[in-house]
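First comes the structure, then the notes that go with it.
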Amino acid sequence: MSPLNPRDVTVMGGFTLYVRDVLERPVFQRARLIAGAGGQGRRVEWVHILEIANVAPFVTKNDFILTTGLWLRHSEQQRLSYMQQLIHQEAAGLCVELGTSIENIPGEIIELADASDFPLIVFEQPVRFVEITQDIHGLLINQQHQLLKDLEAYSRRLQQITLQSTDVNAILHVLYEYTGQQVVYHSTVDTNKFVPRGIAAAAADEITALYRRRVEESETAQQEAGAYTLPQDRVLLTHPVICLGQTLAHVGLVLPSRQTQDRMTLLLDYTSKSLASLLLRMLFLEEKMLRDQNQLIQDILNHHIEEEEEARTRMAIRPSKQGDAWFAAGMIETEYTGDAEDEPDRDKAESAQQDLLVRLRALLKKHALHNLLMQKGRRIYLLCARDKTAKDDIPITLQQILRVIVERLQVPASGQPHVHLQAGFGLIRSRMTEMHKSFKEAEQVLEVSRSVAAVREALFYDRLRVYRLLKSIPADTLESFVHDQIGPLLAYDQEHHLHLLQTLDMYLKCMGSKNDTAKALFIHRQTLYNRLDKLTEILGEDYLEPDRRVCLEMALLARPLLS
């Protein structure tokens with residue numbers, strides 16, 4: 001489709017009817033503006049005939065009001081109230097027919113209209129209001145119809161481009177053709193773009209800084225369209241480009257502040273949807289191209305790669321220098337919430353998993369992390385890298401980024417089933433060939449967080465505390481140790497239901513304080529004394545001695561890992 005001609009570009013810029021335009025219409029040849037000349041630039045969006053005194057509930061912004069002036073027969077206070085209501089509701093203007101109900105306009109009404117720049121127009125002889133409404137409404141409807149036709153043509157043009165290429169610049173150039181205004185593309189995953197490209201470096205930096213200051217720091221601003229004031233009487237009108245619930249970019253127009261924004265907002269809305277479609281296709285194409293990463297992750301898991309250079313080359317990152325990067329490895333598992341019958345069928349589950357993978361890759365790219373991903377069933381294996389810098393504590397920074405990413409993934413994309421994500425990451429290391437250790441540690445994080453409520457939110461291996469030691473003990477050895485230490489208590493509780501194991505656990509946590517233990521268990525102190533006597537009978541008098549106490553505490557910690 002060929003570009004629009006100049007007449008079409010003007011229409012796409014937005015047809016707006018002002019009071020001064022209304023006064024030029026043939027039906028207003030016999031009308032006279034008697035007050036509020038400074039308000040001739042007010043917009044007219046509809047015409048109403050109103051004769052009642054309480055007009056506020058029936059008037060909206062930019063309404064043009066026709067009346068025979070019956071309300072002018074009321075008291076001065078009521079007349080002024082009528083006008084004040086129109087002014088407060090931001091009506092476009094008032095047109096009064098003289099000779100039917102009244103013969104002239106009171107001076108205080110004219111003074112109020114002039115003071116408020118509120119256009120007051122009179123017909124000095126009777127006129128058919130129906131002709132006025134038909135004329136103006138017809139003009140507005142025809143122009144609205146033309147706008148919709150032009151928007152449809154614009155949409156077809158965008159659709160044609162998105163089907164033919166994956167070039168963001170092509171879409172931005174079409175927006176520039178249709179508006180003639182500076183186009184801005186601010187991306188969180190790519191370089192920023194300006195069309196035309198001749199924008200001054202200072203102006204480009206100013207707009208980029210505004211996005212970072214006003215938009216990126218606000219979750220709400222990232223998801224919604226907005227208008228921001230720029231120097232030199234300009235406005236940045238911007239709209240988010242959202243894919244799978246994530247804001248990947250913003251497309252905007254730099255406009256003179258006096259220019260109408262409604263039509264431009266519609267154009268940005270159409271453009272953002274086309275850009276979202278294009279970016280989504282690019283993400284899926286990238287996903288397809290990167291499937292060979294599966295083999296690399298598999299080789300790392302099996303410790304088949306011994307050379308650091310080989311590992312980095314296959315990950316497509318720069319050759320290694322000693323300690324120049326940090327690597328993190330982890331796993332993310334999906335678990336559908338709700339009843340079993342609410343789980344999506346196999347096809348929908350696979351689609352949701354694929355969308356999750358695309359969202360994860362987009363978030364990793366947004367945070368400038370080199371990454372490898374591999375999906376197996378409901379588990380996603382993740383390996384990412386971040387360059388070291390002199391300023392940051394990279395291990396901590398990398399952990400913070402990964403936590404944010406997991407939190408963002410917890411929010412489902414529109415139309416997708418809600419899932420709970422369980423994630424775990426191993427220790428952050430400086431060599432890629434050691435990441436098989438991190439993957440094993442990540443699996444231990446998943447196992448422990450499923451079993452132990454106290455560390456359920458511990459995403460990282462270094463946050464597992466003593467469970468790192470317990471997980472390194474062979475399962476049969478750990479089970480034997482637990483049985484030797486608290487086996488008799490387990491057997492007694494199973495038979496008598498006295499909650500001795502729970503009592504011992506809380507008694508040790510309260511450092512032997514009987515008062516604190518009774519409060520924590522919500523039991524009477526005498527009940528606690530009876531239980532403590534039974535604990536002494538079963539475990540022996542020495543169960544609070546340091547070495548015995550440590551053994552009991554370790555057994556209590558280890559027990560959930562065996563269930």
Side-chain angles (χ1 to χ4, degrees), residues 286-320 323-335 349-350 353-354 356-361 363-365 367 369-386 394-395 398-399 401-403 405-406 409 419 421-451 455 458-464 467-475 561:
E286 183 180 358
E287 189 64 37
K288 187 175 181 181
M289 293 170 58
L290 296 174
R291 283 181 183 171
D292 60 348
Q293 293 182 354
N294 286 8
Q295 186 58 49
L296 176 53
I297 291 184
Q298 199 65 56
D299 289 344
I300 292 173
L301 286 169
N302 297 328
H303 198 200
H304 287 169
I305 303 179
E306 300 288 346
E307 297 294 330
E308 185 71 13
E309 295 298 329
E310 177 191 354
R312 291 195 174 206
T313 300
R314 290 180 63 181
M315 192 176 177
I317 59 178
R318 61 194 175 97
S320 64
D324 67 338
W326 291 111
F327 295 90
M331 303 171 187
I332 299 175
E333 289 186 344
T334 56
E335 177 182 334
E350 289 180 355
Q353 193 77 359
Q354 185 68 19
L356 180 66
L357 203 62
V358 172
R359 291 172 62 204
L360 175 58
R361 194 181 298 284
L363 285 169
L364 290 166
K365 191 172 183 180
H367 289 280
L369 295 180
H370 303 287
N371 63 85
L372 297 175
L373 299 177
M374 180 179 73
Q375 177 185 341
K376 277 192 173 183
R378 292 186 176 179
R379 175 177 286 186
I380 296 174
Y381 292 80
L382 162 66
L383 174 63
C384 61
R386 182 177 173 90
I394 295 296
L398 192 48
Q399 284 191 352
I401 292 173
L402 292 171
R403 183 175 292 279
I405 288 173
V406 172
L409 288 175
V419 296
L421 300 182
Q422 193 74 41
F425 295 91
L427 293 177
I428 293 173
R429 292 178 163 88
S430 59
R431 291 184 59 82
M432 193 172 165
T433 49
E434 296 179 347
M435 297 317 291
H436 63 284
K437 301 176 184 177
S438 294
F439 276 117
K440 289 180 181 178
E441 293 161 355
E443 189 152 24
Q444 292 182 18
V445 174
L446 288 177
E447 292 172 359
V448 173
S449 61
R450 288 194 203 98
S451 306
V455 291
L459 288 177
F460 305 100
Y461 185 69
D462 57 2
R463 308 294 173 84
L464 291 185
Y467 293 101
R468 291 173 59 176
L469 176 63
L470 294 175
K471 284 299 294 182
S472 66
I473 301 173
L561 301 179

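For this chain, numbers begin at 1 and follow the sequence in order.
- Residues satisfying the side-chain contact (heavy atoms from CB on, under 4.5 Å) test with Ser438, not counting sequence neighbours, are Ala329, Arg429, Met435, Glu441.
- Here Ile473 pairs with Leu470, Thr477, Leu478 under the side-chain contact (heavy atoms from CB on, under 4.5 Å) rule; sequence neighbours left out.
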Test salt bridge (Lys or Arg N to Asp or Glu O under 4.0 Å) applied to Glu443 and Arg379, step by step: CA-CA 11 Å; Glu443 189 152 24; Arg379 175 177 286 186; 3.2 Å; yes
Check the pair Ile428, Arg386 against side chain to side chain contact (heavy atoms under 4.5 Å, CB included), reporting the backbone distance first and the verdict last. CA-CA 10 Å; Ile428 293 173; Arg386 182 177 173 90; over 6 Å; no
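- Side-chain atoms of Ile401 and Cys384, non-hydrogen and from C-beta on, never get closer than 4.5 Å to each other.
- Residues in residues 296-307 take part in these salt bridge (Lys or Arg N to Asp or Glu O under 4.0 Å) pairs, two or more places apart or across chains: Asp299-Arg314.
- Side chain of Glu308 to main chain of Thr433: a donor-acceptor pair is present (N/O by atom type, distance under 3.5 Å, no hydrogens or angles).
- A search for side-chain hydrogen bond (donor to acceptor under 3.5 Å, both in side chains) contacts involving Lys376 returns Gln298, not counting sequence neighbours.
- Partners of His436 under the ring-ring contact (aromatic ring centres under 6.0 Å, His included) rule, at least two apart in sequence or in another chain, are His303.
- Between Leu364 and Leu382, some side-chain heavy-atom pair lies under the 4.5 Å cut-off.
- Residues that satisfy the side-chain hydrogen bond (donor to acceptor under 3.5 Å, both in side chains) test with Gln375, not counting sequence neighbours, are absent from this structure.
- A search for side-chain hydrogen bond (donor to acceptor under 3.5 Å, both in side chains) contacts involving Glu434 returns nothing, not counting sequence neighbours.
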Are Leu561 and Glu447 close enough, and set up right, to give a side chain to side chain contact (heavy atoms under 4.5 Å, CB included), and what steps lead you there? CA-CA 8 Å; Leu561 301 179; Glu447 292 172 359; over 6 Å; no
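- With sequence neighbours excluded, the residues forming a side-chain hydrogen bond (donor to acceptor under 3.5 Å, both in side chains) with Arg450 are Glu333, listed by chain and number.
- For the side-chain contact (heavy atoms from CB on, under 4.5 Å) test, residues two or more places apart in sequence or in another chain that qualify with Val445 are Tyr461, Leu464.
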